[in-house]
Amino acid sequence: MLRVIAIDGPAASGKSSTAGLVAERLGWAHLDSGALYRALTLAALDTIGEGGRGTLKDMEGEGWSGPRIVALAEQLPVRLVLTGDVFRPEVAGVDVEEAIRSDRVTRHVSALAAIPEVRTWVNAQQRRAVAGVGGVVVDGRDIGTVVFPEAPLKIFLTATADERARRRLSQRGQVVDVDLVRRESQALAVRDAADSTRPIAPLKPAADAVLLDTTALTLQQQVARVVELARGLFPA
Ligand code: DC
């Protein structure tokens with residue numbers, strides 16, 4: 001039995017926090033697939049340039065073609081490295097876990113994640129990474145649908161855009177006022193729309209995913225729910 005738990009959902013739905021804590025509780029490793037898309041985006045921005053106004057077409061004009069980005073990823077290299085129980089993103093041997101969370105990377109990552117060659121490369125890295133590891137909680141957008149469709153447990157997390165905006169702002173230590181929530185919520189909706197309507201591997205729940213609406217749940221409650229499902233499914 002493949003010892004993978006797939007956790008998918010829209011931006012700021014708490015996937016990575018949930019996946020990290022579930023992994024800790026089970027003694028499994030945690031792999032955040034978004035971190036690999038972000039590390040590739042960081043590498044491409046630094047090496048190839050800002051790429052026009054942010055549409056994929058502009059970026060192709062600037063050299064953001066799939067084959068070029070994949071070649072860059074291999075050459076630098078861009079990698080996920082298992083450190084303790086967490087896969088950490090590296091570019092040219094440097095840990096980029098913090099650098100990949102910048103607004104600049106966030107603004108460009110959806111366009112890069114829509115490139116077919118990039119997705120094929122990222123998926124291969126993920127499949128290679130979990131081989132030989134006792135159990136891995138993987139979070140992203142297409143883990144249950146494309147990367148590990150055979151995962152015995154698939155979770156799709158949702159929450160209203162306003163609630164996700166509120167969580168994101170308070171995570172950043174910002175004052176959560178109505179205007180800020182509205183703006184952040186709109187920005188999240190734009191990224192969700194881009195991720196849900198792309199032709200390849202759009203964000204959507206797998207047919208056999210467990211849907212978990214976390215709008216009214218605490219992080220601890222959602223973690224407990226996933227751990228309970230996992231304990232019922234995976235032999236210890
Ligand atoms: O989860 P995140 O915000 O760090 O993800 C960054 C971007 O990467 C997100 O806008 C969509 C993309 N992504 C994806 O297309 N497929 C995944 N499995 C994970 C992330």
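Along the sequence shown, residues carry numbers from 1. Indexing begins at 1, ligand by ligand and atom by atom, following the structure's order.
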Give one line per pair: atom of ligand 1, protein atom, distance. Only N/O to N/O under 3.5 Å.
unit_1	atom_1	unit_2	atom_2	d
ligand 1	1 (O)	Arg141	NH1	2.9
ligand 1	3 (O)	Arg38	NH2	3.1
ligand 1	3 (O)	Arg141	NH2	3.4
ligand 1	3 (O)	Arg191	NH1	3.0
ligand 1	4 (O)	Arg38	NE	2.7
ligand 1	10 (O)	Ser110	OG	3.3
ligand 1	10 (O)	Arg191	NH1	2.9
ligand 1	10 (O)	Asp195	OD2	3.0
ligand 1	15 (O)	Arg119	NH1	2.8
ligand 1	15 (O)	Arg119	NH2	3.3
ligand 1	15 (O)	Arg198	NH1	2.8
ligand 1	15 (O)	Arg198	NH2	3.0
ligand 1	16 (N)	Arg119	NH2	3.0
ligand 1	18 (N)	Ser33	OG	3.0
ligand 1	18 (N)	Arg141	N	3.1
ligand 1	18 (N)	Asp142	OD1	2.8

Name the atoms and distances for all side-chain donor-acceptor pairs under 3.5 Å in residues 149-162, with sequence neighbours left out.
unit_1	atom_1	unit_2	atom_2	d
Lys154	NZ	Pro149	O	2.6
Lys154	NZ	Asp208	OD1	3.0
Lys154	NZ	Asp208	OD2	2.8
Thr160	OG1	Glu163	N	3.2
Asp162	OD1	Ser185	OG	3.0

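A heavy-atom distance below 4.5 Å is not found between the side chains of His30 and Phe87.
Taking the charged nitrogens against the carboxylate oxygens, Asp142 and Arg198 have no contact shorter than 4.0 Å, which rules out a salt bridge.
Checking side-chain atoms of Arg166 against main-chain N and O of Val176 turns up no donor-acceptor pair under 3.5 Å. Checking side-chain atoms of Ser33 against main-chain N and O of Asp139 turns up a donor-acceptor pair under 3.5 Å.
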Practice prompt. Please step through side chain to side chain donor-acceptor pair (under 3.5 Å) for the pair Thr214 and Arg167, ending with a clear verdict.
Written response: CA-CA 11 Å; Thr214 70; Arg167 287 179 192 167; 3.1 Å; yes
